[in-house]
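Throughout, a chain's letter reflects where its sequence line sits, starting with A, and its residues are numbered from 1. The figures that follow rest on heavy atoms only: side chains count, while hydrogens, waters and symmetry mates do not.
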Amino acid sequence: MNIATWNVNSLRIRLNQVLNFLDKNDIDVLCLQETKITDDKFPYESFKNIGYNSYWLGQKTFNGVAIVSRYESVRTSYNLPDNFDEQKRLISITIRSEIGEICVICVYCPNGQMIDSEKYEYKIKWFEKLTNLVKNELLKNDQLILIGDYNIAPNDDDVYNIELSKNQILTSETERKLFNNLVHLGLVDAFRLFEQPKNSYSWWDYRKYSFKRNIGFRIDHILLTNSLRGLCQVCKIDKSLREFERPSDHAPVIAILKHKLT
DNA sequence: ATGTCCATTTTCAATGGA
């Protein structure tokens with residue numbers, strides 16, 4: 001199974017790039033964030049035409065998540081429980097793939113704006129809710145993938161210059177602790193299972209020629225339960241998508257999971 | 001150098017979010 005995550009920053013603008021990406025990379029499950037499209041306008045037919053089922057949760061102007069999948073979902077759920085969140089930031093599906101039943105949770109975690117802002121407080125509460133959700137899900141299903149835009153760079157080598165960005169959003173100790181709380185539920189960062197190029201990032205600000213100068217952050221992640229860890233053959237960031245004309249500010253992250261041939 | 005891109009409304013210009 002080939003699975004990927006991509007914050008597209010408007011699915012309307014990026015639809016052709018997404019279709020092209022699915023085709024070129026033989027992706028089975030693609031998790032999208034910042035679709036910025038209302039549910040009535042979701043382009044499910046474009047995906048249906050090339051063999052994908054679509055599951056989506058959108059809103060006007062901001063946020064919005066979706067999963068397009070060659071596998072049908074046997075159980076789909078939307079958002080954090082208890083009406084905690086009016087913003088559309090989470091969708092999950094359960095699929096029956098060739099490596100068994102897997103719960104895929106696609107997240108667009110809050111950005112936080114600035115340390116100690118209201119939005120930062122919301123980010124902290126949001127992660128606490130998410131941690132609870134994942135914890136409960138793990139009781140039901142030991143094959144789980146938590147995937148998406150976390151808006152957290154978990155370690156110093158996930159940041160172009162930690163001295164310049166220390167104690168700011170994406171890198172603060174509090175945020176890293178929130179990330180590690182998820183990891184400690186029994187998940188592993190697929191990207192760090194492998195040796196990776198130095199200065200690997202998944203998001204570059206549109207401003208300041210950041211991409212050209214590789215001023216980036218690795219904030220898009222694929223976390224796997226330990227049961228899936230041994231099946232992960234590859235995890236990589238596809239930087240080529242950031243080089244396109246009218247790119248998203250994020251590049252996709254791809255993981256390949258399969259049984260080893262005996 | 002508060003530098004760009006996107007969506008929306010305030011609509012050919014400004015605003016908020018990232």
Side-chain angles (χ1 to χ4, degrees), chain A residues 5-21 31-43 46 56-66 79-80 85-91 106-127 130 147-154 158-172 174-176 178-179 201-221 237-253:
Chain A
T5 178
W6 194 7
N7 178 323
V8 287
N9 186 18
S10 172
L11 184 56
R12 209 182 315 214
I13 300 291
R14 234 65 69 187
L15 181 59
N16 282 332
Q17 290 185 37
V18 170
L19 296 171
N20 185 267
F21 172 73
C31 299
L32 300 166
Q33 302 87 36
E34 286 203 86
T35 54
K36 296 186 173 177
I37 200 163
T38 49
D39 287 343
D40 55 312
K41 299 211 172 70
F42 190 88
S46 300
W56 64 91
L57 179 65
Q59 68 180 89
K60 205 174 166 184
T61 317
F62 305 121
N63 309 314
V65 284
N79 235 336
L80 292 168
D85 199 8
E86 286 180 7
Q87 301 182 27
K88 311 304 185 192
R89 296 179 173 277
L90 185 150
I91 186 168
C106 167
V107 289
Y108 173 49
C109 306
N111 169 279
Q113 194 170 48
M114 275 179 73
I115 303 275
D116 296 334
S117 67
E118 256 178 50
K119 286 175 184 172
Y120 186 75
E121 298 302 317
Y122 161 69
K123 182 175 193 173
I124 293 168
K125 289 204 176 78
W126 198 94
F127 267 92
L130 174 67
I147 180 169
D149 177 359
Y150 288 68
N151 269 312
I152 297 176
D158 299 318
V159 180
Y160 76 104
N161 184 336
I162 190 62
E163 295 312 320
L164 291 180
S165 41
K166 219 168 204 156
N167 300 318
Q168 298 186 23
I169 56 154
L170 314 183
T171 66
S172 72
T174 304
E175 287 163 274
R176 286 180 171 177
L178 296 171
F179 183 86
Y201 311 124
S202 66
W203 172 76
W204 301 260
D205 199 310
Y206 282 123
R207 293 167 289 191
K208 307 181 204 173
Y209 306 102
S210 297
F211 183 66
K212 211 182 238 178
R213 298 156 69 196
N214 199 26
I215 295 177
F217 295 77
R218 192 177 70 90
I219 57 176
D220 300 88
H221 308 297
I237 296 168
D238 188 352
K239 241 179 117 167
S240 69
L241 274 296
R242 189 63 173 76
E243 289 158 5
F244 275 36
E245 250 179 66
R246 284 195 99 180
S248 166
D249 43 355
H250 295 251
V253 187

Open item on the list: Using whole Å, what does the distance between atom C1' of nucleotide B:dG3 and atom CG of A:Asp249 come to?
Closed with: 15 Å

Task: Integer angstrom distance from the P of B:dT11 to that of B:dG16 - done: 15 Å

Open item on the list: Tell me the interatomic distance from A:Lys36, atom NZ, to B:dG17, atom P, rounded to whole angstroms.
Closed with: 12 Å

Open item on the list: How many whole angstroms separate atom CH2 of A:Trp203 from atom P of B:dT4?
Closed with: 15 Å

Open item on the list: I need the A:Arg242 CZ to A:Trp203 CH2 distance, nearest 0.5 Å.
Closed with: 9.0 Å

Open item on the list: If I pick the C1' atom on B:dT8 and the same atom on B:dG3, what distance separates them, to the nearest angstrom?
Closed with: 23 Å

TODO: Report the relative orientation of the aromatic rings in A:Phe42 and A:Trp56; use parallel for angles under 30°, tilted for 30 to 60°, perpendicular for over 60°.
DONE: parallel

Task: Whole angstrom value for the distance that separates P of B:dC5 from CZ of A:Phe211 - done: 14 Å

Open item on the list: Using a 3.5 Å distance criterion without hydrogens, assess whether the side chain of A:Trp6 forms a donor-acceptor pair with backbone atoms of A:Cys31.
Closed with: no

Open item on the list: Any base atoms under 4.0 Å from A:Phe217, or only sugar-phosphate, or nothing? Heavy atoms, all strands.
Closed with: nothing

Task: Residue whose closest nucleotide on DNA chain B lies nearer the 5' end, A:Asn111 versus A:Lys208 - done: A:Lys208

- [ ] Could you state the atom-to-atom distance from CG of A:Asn63 to C1' of B:dG16 in whole Å?
- [x] 13 Å

Task: Qualifying residue for side chain to side chain contact (heavy atoms under 4.5 Å, CB included) with A:Leu170, from A:Ile152, A:Asn151, A:Val159 - done: A:Asn151

